[in-house]
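A note on names: the letters A, B, ... follow the listed sequences, proteins ahead of strands, and every chain is numbered from 1. Small disclaimer: the values here were computed from a predicted structure and weren't measured.
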Number of protein chains: 2
Amino acid sequence: MRPVTVYDIAREANVSVATVSRVLNNTAPVKKETRERIVALMHKHQFQPNALARSLSRKETGMIGFILPDITNPFFPEVLSGFDYEARKLGYTYFLCDTISTNEENERLYDRQYERESQYLSLLMEKQVDGIVIIGGRVDLAKPGEELAREVEEAAKRVPVLLLNGNLPQTHLNRIAADQKLGAQLAVQHLIDLGHRDIAVIGGYAKMTNTQQRLLGFRTAMKEAGLNVRKEWVLTEGFSVQKGQEFASRLLGAKRRPSAIFCMNDLLAIGALKAAHRLGIRVPEQLSIVGYDDIPQATYSIPELTTVSLQSQEIGRQAAKTLDKMIAGKKVPRLQSIMPELIVRETTAPFTEPSA
Amino acid sequence: MRPVTVYDIAREANVSVATVSRVLNNTAPVKKETRERIVALMHKHQFQPNALARSLSRKETGMIGFILPDITNPFFPEVLSGFDYEARKLGYTYFLCDTISTNEENERLYDRQYERESQYLSLLMEKQVDGIVIIGGRVDLAKPGEELAREVEEAAKRVPVLLLNGNLPQTHLNRIAADQKLGAQLAVQHLIDLGHRDIAVIGGYAKMTNTQQRLLGFRTAMKEAGLNVRKEWVLTEGFSVQKGQEFASRLLGAKRRPSAIFCMNDLLAIGALKAAHRLGIRVPEQLSIVGYDDIPQATYSIPELTTVSLQSQEIGRQAAKTLDKMIAGKKVPRLQSIMPELIVRETTAPFTEPSA
DNA sequence: ACCCAGGATGAAACCCGTTTCACAAACAAA
DNA sequence: TTTGTTTGTGAAACGGGTTTCATCCTGGGT
């Protein structure tokens with residue numbers, strides 16, 4: 001059966017569609033009895049206005065595109081849930097756009113992310129979304145002037161784009177980001193305060209600005225404490241539990257090993273925890289570990305992870321609020337910094353000389 | 001600047017919009033040079049067809065609504081990622097609809113889920129989605145004839161609706177679901193085979209059909225082995241790590257305690273693991289634990305969880321494929337059962353008499 | 001030379017709302 | 001009573017595509 005339209009209602013109520021539209025949107029006064037007659041008919045027929053038609057003429061859709069790299073990475077659901085909370089309050093719905101590729105074996109492939117990201121960018125624009133938020137992915141990687149960055153900037157000319165946690169350098173795009181450098185400094189300073197001197201870092205991708213920022217924070221804290229960074233204790237290219245286990249095994253298997261490891265995210269930290277366990281190294285007594293992100297899983301492990309909270313939900317909420325303002329044409333600050341916070345739990349302890 | 005439309009292209013190419021539309025969709029032959037001229041103009045102006053307008057006349061949007069209860073529960077991102085994979089291949093985009101409510105303190109509230117679910121149902125229909133998939137939430141709870149169930153069925157008359165893992169009894173709606181009873185049986189049988197006789201179950205919600213099914217599987221396996229179920233060892237109402245810890249503490253703190261715990265999901269199992277650890281009970285030597293769902297986090301814990309895999313990604317993939325068929329008007333089986341699989345890892349071991 | 005099947009194309013209707021404009025009626029102020 | 005402002009309403013244009021129908025051409029078959 002054909003869905004009922006304003007025309008059907010109008011005909012049956014002996015009014016014009018204009019009037020029906022008016023009661024639908026309360027956009028102009030309608031005589032009380034006329035209104036009631038129309039409302040009754042709407043209920044009777046379970047009238048649901050066609051949002052496509054409405055959006056087409058209104059030139060606004062109430063739809064947002066949310067581009068993220070990998071929904072199975074628990075960090076993203078966290079920010080997404082914060083975003084969802086505000087977005088819904090503001091009356092938006094959103095498309096979820098995951099830029100990761102998986103092959104038939106469910107292995108995650110990060111190589112085609114760029115391609116996917118720009119595909120989504122134009123797809124979303126065709127769908128006439130009111131705004132786009134991008135977290136992770138290319139915005140973390142692109143260098144100024146690069147083709148990739150240009151595409152995003154191009155899109156931003158046609159529709160509000162908000163970057164989360166990204167770090168597209170030298171861009172005029174609005175962003176909300178945690179201070180990555182500070183977060184790393186917090187973590188490393190904590191280890192130093194506990195008396196650690198042999199500190200390693202694992203994870204991240206050397207090309208990602210986020211990683212670079214955190215590495216910078218790490219180096220800064222080390223330098224200020226007069227400690228030097230051994231380059232074989234800086235292991236990058238990876239963000240998974242798997243990788244964390246791998247990196248930590250390598251670190252802990254060597255003759256000289258660090259007494260503390262700073263991990264670029266919690267997944268890596270969990271991997272490090274596993275590696276230590278396999279090698280019979282007790283955490284935190286013999287090895288301190290600090291994670292990053294404070295995903296819910298950080299409290300699932302035994303011992304629970306000491307980590308740097310990026311306030312993921314808060315970022316998501318801010319994102320929704322800010323994008324809404326941008327859509328409304330209001331001015332918003334170019335960069336909103338979210339202060340990271342160190343959450344001390346159970347994987348860090350004062351340094352003690354190995355008894356053996 | 002106003003976006004460029006088919007009319008703009010048509011005017012500049014000295015053709016009618018019909019012709020432009022034809023080259024856009026390859027829907028009828030167009031003279032080669034005309035086509036080339038039009039294509040060139042499209043590129044020149046970076047023409048992007050307005051998907052709203054297109055959908056409005058085509059009466060299909062390529063949009064799907066995906067309703068789930070809580071994206072921060074890692075089970076859902078898993079099925080979502082499987083769904084994403086296929087949906088994208090088939091050319092769909094989807095709205096993510098999270099039915100959980102959170103208050104300002106980010107606490108999750110499940111009480112208003114119903115309301116949210118029906119709001120989303122009509123919202124999605126207004127947005128003219130081509131189909132809707134619902135996982136968890138009301139479809140797990142509703143009894144036949146109930147108001148809630150009716151709403152879903154009502155929606156299903158207007159747009160294809162697919163239920164995942166739900167168990168709306170006596171409904172004619174299409175569903176894809178893992179065999180919950182079998183999954184539980186597998187888990188419990190495994191424990192019994194290992195020599196356990198004192199087995200407890202924790203988690204779930206008594207009103208959820210899923211929980212009921214699993215409980216049924218549990219009881220069946222116990223009965224077949226001639227074991228009886230102690231009712232103080234059946235603890236329901238909860239699905240979180242927190243709850244798991246609580247339940248397990250209660251169980252393990254009692255004078256008489258089980259030698260094995262079957263958990264209604266992996267989060268609970270992780271909680272149980274933590275409780276055991278706090279109480280100094282070694283897993284799996286002194287206590288075996290089996291989870292359910294096989295979320296990625298099941299391998300993050302130490303020891304790694306033995307669990308029942310629901311093949312979450314697979315369910316998601318099937319969902320996309322099936323919904324696509326439904327949208328195309330093809331017949332699909334009323335119920336597709338996904339076989340659960342027991343994944344034996346490190347939290348289960350043969351029963352041994354307590355040495356003390 | 002004649003007929004017919006495509007090929008190529010345009011005019012116009014259609015999808016379903018919103019919004020502008022015009023106009024009549026009702027009511028208030030002067 | 002006259003003028004000015006609301007209230008109440010409809011006709012029609014609009015948003016940006018798709019699709020049907022009609023028309024004109026062209027090449028192949030006989």
Side-chain angles (χ1 to χ4, degrees), chain A residues 1-39 41-42 45-63 122-123 125-130 158-159, chain B residues 1-39 41-42 45-63 122-123 125-130 158-159:
Chain A
M1 49 186 168
R2 195 176 53 72
V4 7
T5 71
V6 281
Y7 290 90
D8 302 323
I9 303 287
R11 194 178 328 113
E12 200 171 336
N14 270 312
V15 295
S16 73
V17 289
T19 303
V20 176
S21 177
R22 286 193 262 262
V23 344
L24 201 52
N25 304 294
N26 242 306
T27 166
V30 173
K31 208 206 299 181
K32 198 175 169 213
E33 32 182 296
T34 313
R35 143 168 287 119
E36 281 166 359
R37 187 153 32 102
I38 292 175
V39 168
L41 283 171
M42 285 179 170
H45 292 104
Q46 301 196 60
F47 170 72
Q48 291 189 308
N50 182 321
L52 294 178
R54 167 174 289 174
S55 299
L56 184 58
S57 64
R58 282 230 255 252
K59 288 169 170 304
E60 66 174 48
T61 57
M63 307 188 305
S122 45
L123 179 64
M125 290 174 52
E126 287 182 12
K127 298 269 184 199
Q128 310 298 122
V129 295
D130 290 340
R158 321 190 128 267
V159 56
Chain B
M1 48 185 167
R2 194 175 55 73
V4 8
T5 72
V6 281
Y7 291 91
D8 301 323
I9 302 288
R11 194 178 329 111
E12 201 170 336
N14 270 310
V15 294
S16 73
V17 289
T19 303
V20 176
S21 177
R22 286 193 262 263
V23 345
L24 201 52
N25 303 295
N26 244 303
T27 166
V30 173
K31 209 205 302 180
K32 195 170 171 220
E33 32 182 298
T34 313
R35 142 167 289 120
E36 280 166 359
R37 186 153 33 100
I38 292 174
V39 168
L41 283 171
M42 285 178 169
H45 293 105
Q46 301 196 61
F47 170 71
Q48 290 188 308
N50 183 322
L52 294 178
R54 166 174 292 174
S55 299
L56 184 58
S57 62
R58 281 230 256 253
K59 290 170 170 300
E60 66 174 47
T61 57
M63 308 189 304
S122 47
L123 179 64
M125 290 172 52
E126 286 183 13
K127 298 269 183 196
Q128 311 297 123
V129 294
D130 290 340
R158 321 189 127 268
V159 56

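Rounded to a whole Å, the NZ atom of B/Lys31 is 15 Å from the C1' atom of C/dG6. Per the geometry, NZ belonging to A/Lys32 stands 12 Å off P belonging to D/dG8, to the nearest Å. In this entry the distance linking CD of A/Gln128 with P of C/dG17 reads 18 Å, nearest Å. Atom CD of A/Glu33 and atom P of D/dT7 are 17 Å apart (whole Å). In this entry the distance linking CD1 of A/Ile38 with P of D/dG8 reads 12 Å, nearest Å. Atoms CG (A/Asn26) and C1' (C/dT19) sit 16 Å apart, rounded to a whole Å.
Remark: A/Leu123 engages A/Tyr120, A/Lys127, B/Thr93 in a side-chain contact (heavy atoms from CB on, under 4.5 Å) (not counting sequence neighbours). In terms of the side-chain contact (heavy atoms from CB on, under 4.5 Å) criterion, residue partners of A/Glu60 (sequence neighbours excluded) are, by chain and number, A/Arg58, A/Asp130.
The two residues B/Val30 and B/Thr34 come nearest to each other via the heavy atoms CG1-CB, 3.9 Å. Among all heavy-atom pairs drawn from A/Ser122 and B/Gln48, the shortest one is CB-NE2, 3.2 Å.
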Pairs under 3.5 angstrom, nitrogen or oxygen only, protein versus nucleotides 16-24 of chain D, please.
residue: D/dG16; atom: OP1; partner: A/Lys59; partner atom: NZ; Å: 3.1
residue: D/dG16; atom: N2; partner: B/Ala53; partner atom: O; Å: 3.4
residue: D/dG17; atom: OP1; partner: B/Asn50; partner atom: N; Å: 3.3
residue: D/dG17; atom: OP2; partner: B/Val6; partner atom: N; Å: 2.7
residue: D/dG17; atom: O5'; partner: B/Asn50; partner atom: N; Å: 3.4
residue: D/dG17; atom: N7; partner: B/Tyr7; partner atom: OH; Å: 3.2
residue: D/dG17; atom: O6; partner: B/Tyr7; partner atom: OH; Å: 3.3
residue: D/dT18; atom: OP1; partner: B/Asn25; partner atom: OD1; Å: 3.2
residue: D/dT18; atom: OP1; partner: B/Asn25; partner atom: ND2; Å: 3.0
residue: D/dT18; atom: OP1; partner: B/Arg54; partner atom: NE; Å: 2.8
residue: D/dT18; atom: OP1; partner: B/Arg54; partner atom: NH2; Å: 3.1
residue: D/dT18; atom: OP2; partner: B/Ser21; partner atom: OG; Å: 2.7
residue: D/dT18; atom: OP2; partner: B/Asn25; partner atom: ND2; Å: 3.1
residue: D/dT18; atom: O4'; partner: B/Ser57; partner atom: OG; Å: 2.7

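Contacts of B/Asn14 with the nucleic acid, taken as non-hydrogen atoms under 4.0 Å apart, involve only primed sugar atoms and P, OP1 or OP2.
Side-chain contact between A/Glu36 and A/Lys32: present, with at least one pair of heavy atoms (C-beta onward) separated by less than 4.5 Å.
Between the CG atom of A/Leu52 and the OG atom of A/Ser57 there is a distance of 11.0 Å, given to the nearest 0.5 Å.
When each of A/Val6, A/Leu41, A/Ile38 is paired with A/Phe47, the side chain to side chain contact (heavy atoms under 4.5 Å, CB included) condition holds for A/Val6 and for no other.
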### Query
Hey, mind stepping through A/Met42 and A/Val4 against side chain to side chain contact (heavy atoms under 4.5 Å, CB included) and telling me if it holds?
CA-CA 9 Å; A/Met42 285 179 170; A/Val4 7; over 6 Å; no
### Task
Take B/Val159 and B/Met125 through the test side chain to side chain contact (heavy atoms under 4.5 Å, CB included) and record every step on the way to the result.
CA-CA 8 Å; B/Val159 56; B/Met125 290 172 52; 4.0 Å; yes
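In the helix from C/dA1-D/dT30 to C/dA30-D/dT1, the terminal helix axes, each the rotation mapping four pairs' C1' atoms onto the next four within five end pairs, subtend 30°, rounded to 10°.
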### Task
Summarise protein proximity over nucleotides 23-29 of chain C in one line of letters, 5' to 3': B for base, S for sugar-phosphate only, - for none, counting protein heavy atoms closer than 4.0 Å.
-------
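Side chain of A/Thr61 to backbone of A/Ser55: no donor-acceptor contact under 3.5 angstrom is found.
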Do any side-chain atoms of residues 15-26 of chain A form donor-acceptor pairs under 3.5 angstrom with protein atoms, and if so which ones, sequence neighbours left out?
residue: A/Ser16; atom: OG; partner: A/Ala18; partner atom: N; Å: 3.4
residue: A/Ser21; atom: OG; partner: A/Asn25; partner atom: ND2; Å: 3.4
residue: A/Asn25; atom: OD1; partner: A/Arg54; partner atom: NH2; Å: 3.3
residue: A/Asn25; atom: ND2; partner: A/Ser21; partner atom: O; Å: 2.9

